[in-house]
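If you read the sequence from its start, that first residue is 1, and numbering goes on from there.
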Amino acid sequence: MTEPVSLGEWQPDRNLAMELVRATEAAAMRATPWIGRGDKNAADGAAVDAMRRFLSTVNMNGTVVIGEGEKDDAPWLYNGEQVGNGQGAECDVAVDPIDGTRLTAEGRPGALSVIAVADRGSMYDPSAVFYMDKLVCGPAGVGVVDIRRPIGENIRALARAKDVDVSEIRVAVLDRPRHEQLIAEIREAGAGTRLLMDGDVAGGVNAARWDSRIDLCVGIGGTPEGIITACAVKALGGVIQGRLWPKDDEERQKAIDAGHDLDRVLEANDLVASDNCYFVATGITSADFVEGVQRNGPFVRAESIVMRSHSGTIRHVISDMDPSRWM
């Protein structure tokens, strides 16, 4: 028996991201017929099935630690499921076959298929606390912003760091009743908002990108999405901070029983301890940084982004595929 190896030790790991992108492409392609048809469960089911099938061919020994899981009562890609062909590196795998099922069902922009991978044992275990208060921004915010400070202070500090007027700062926030006060405070500070219907991962990635019109993403969203976003942030050199946000007393007690400090601010290295992680996303409907699946002559085109934190490499992948073999 040989000892298990990490992603950093496994020689062919440079090809892993290009294997993973086939799985997100498959999920995006299989979800495409359900765009705008109002059935988010059917879209998600198709994406889950396609992603799982393609992950079984990937050269890794993966364990799903962020999956469809308990929150969605899913039979596949659940937390603890083994994925990959059993060869290669031992790793943690986080999946979201559709980040934005409602966006897909309603034909709205911003839906993605996402996978993140890191060394085994490096992804944070939130112990079934499904929500987290988060702050994400790009490299300009390193050492500048702090989730413990009022949002107005963070906006002004980030504007100074970027050498722009506060009025030029744009802040992404999920459009939820729980964020009414936060949205008011952002606008009172003089910044603008980008209200997100859904798409927690896309909002965070946009905030961390240097070439995005979004400067900051804040508010309460999914804990799993936060961990996935952290993999992208580590590749982009940005900032992510979060604090667990139990939705009720039962969930709060679960977190306390699991040993979580609910006041602790989790940084990127807390959410993903590995310095060798991957983030892969394919557009289902068009997002700011990838186009959605679209017809291109006799083919269907999928656009993806592939990031690796170890090398700081960001690749854009465009694939043209024969729809008769996918739809």
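We find the CG-CZ distance between N206 and R194 to be 7.0 Å, quoted to the nearest 0.5 Å. Separating the CG atom in D175 from the CD atom in E180 is a distance of 9.0 Å, to the nearest 0.5 Å. Residue R22 holds its CZ atom at 12.0 Å from OG of S304, rounded to the nearest 0.5 Å. If you take CE on M321 and CZ on F299, they are separated by 10.5 Å, rounding to the nearest 0.5 Å. In this structure, the separation between OG1 on T223 and CH2 on W245 is 10.5 Å, given to the nearest 0.5 Å. Expressed to the nearest 0.5 Å, how far CG of N269 lies from CD1 of I240 amounts to 11.5 Å.
Using a distance-only test at 3.5 Å, with no hydrogens or angles considered, no donor-acceptor pair links the side chain of T57 to the main chain of R53. Counting only distance, with no hydrogens or angles, the side chain of S212 and the backbone of R209 share no donor-acceptor pair below 3.5 Å. Proximity of a side-chain donor or acceptor of K234 to a complementary backbone N or O of S274 within less than 3.5 Å is detected. The backbone N or O of G222 lies less than 3.5 Å from a partner atom in the side chain of D200, making a donor-acceptor pair. Remark: side-chain polar atoms of D215 are paired, donor with acceptor, to backbone N or O of R170 under 3.5 angstrom. A donor-acceptor pair under 3.5 Å is formed between the side chain of Q241 and the backbone N or O of I147. Formation of a donor-acceptor pair under 3.5 Å by the E81 side chain with backbone atoms of Y78 is found in this model. Remark: side-chain polar atoms of T285 are paired, donor with acceptor, to backbone N or O of G110 under 3.5 angstrom. The closest donor-acceptor contact from the side chain of R120 to the backbone of T63 lies at 3.5 Å or more, if one exists at all. A distance-only check finds a donor-acceptor pair linking the side chain of E19 to the backbone of N59 [under 3.5 Å].
The environment of CG in D211 is crowded: more than 12 heavy-atom neighbours from other residues, nucleotides or ligands sit within 6.0 Å. Atom NE2 of H310 is surrounded by 12 or fewer heavy atoms from other residues, nucleotides or ligands within 6.0 Å. Atom CZ of R176 has more than 12 neighbouring heavy atoms from other residues, nucleotides or ligands inside a 6.0 Å radius.
V205 places a side-chain heavy atom less than 4.5 Å from the side chain of M307. Looking only at side-chain heavy atoms (C-beta outward), M123 and C277 stay at 4.5 Å or farther from each other. Under the 4.5 Å side-chain criterion, counting only non-hydrogen atoms from C-beta, T104 is not in contact with K40. Residues Y124 and L244 form a side-chain contact, since some pair of their non-hydrogen atoms from C-beta on lies under 4.5 Å apart. Under the 4.5 Å side-chain criterion, counting only non-hydrogen atoms from C-beta, V65 is not in contact with D125. V293 places a side-chain heavy atom less than 4.5 Å from the side chain of M29. A 4.5 Å side-chain heavy-atom check between T101 and W34 finds every atom pair outside the cut-off. Side-chain contact check for L103 versus M197: some heavy-atom pair is nearer than 4.5 Å.
Between V21 and T24 the shortest heavy-atom distance is O-OG1, 3.1 Å. Of all heavy-atom pairs between L216 and A207, the closest is C-CB, 3.7 Å. When every heavy atom of S286 is checked against every heavy atom of P109, the shortest pair comes out as O-CB, 3.1 Å. Of all non-hydrogen atoms in A17 and V280, the two that sit nearest each other are O-CG2, 4.1 Å. Contact detail for A31 and A47: the closest heavy-atom pair is CB-CB, 4.3 Å. Taking each heavy atom of G152 and A189 in turn, the nearest pair found is CA-CB, 3.9 Å.
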Step-by-step side chain to side chain contact (heavy atoms under 4.5 Å, CB included) determination, R295 to V300
CA-CA 4 Å; R295 288 273 179 179; V300 172; 4.2 Å; yes

Working for side chain to side chain contact (heavy atoms under 4.5 Å, CB included), residues L266 and M132:
CA-CA 10 Å; L266 300 162; M132 175 184 286; 3.9 Å; yes

May I have the step-by-step check of side chain to side chain contact (heavy atoms under 4.5 Å, CB included) for D99 and E225, ending in yes or no?
CA-CA 8 Å; D99 177 45; E225 288 82 354; 4.1 Å; yes

Steps toward side chain to side chain contact (heavy atoms under 4.5 Å, CB included) verdict (T282, V317):
CA-CA 9 Å; T282 300; V317 179; over 6 Å; no

Evaluate salt bridge (charged side-chain N to carboxylate O under 4.0 Å, His left out) for R37 paired with D39, printing each intermediate quantity in order.
CA-CA 6 Å; R37 292 177 61 185; D39 191 339; over 6 Å; no

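Hydrophobic cluster membership differs between V58 and F279, with clusters built from Ile, Leu, Val, Met, Phe, Trp and Tyr side chains linked at under 4.5 angstrom. Cluster annotation: L195 is not connected to L174 through the hydrophobic network of ILVMFWY side chains, with a link wherever side-chain heavy atoms come within less than 4.5 Å. I227 and L77 end up in different hydrophobic clusters when Ile, Leu, Val, Met, Phe, Trp and Tyr side chains are linked at under 4.5 Å. Both L158 and L135 are assigned to one and the same hydrophobic cluster, defined by single-linkage of ILVMFWY side chains at heavy-atom distances under 4.5 Å. If you chain together hydrophobic residues whose side chains sit under 4.5 Å apart, I214 and I186 never meet in one group.
When each of I66, V117, V114, L55 is checked for a side-chain contact (heavy atoms from CB on, under 4.5 Å) with V95, only L55 meets the rule.
The cationic group of R178 lies under 6.0 Å from the six-membered ring centre of Y131 and within 45° of the ring axis, placing it in a cation-pi geometry.
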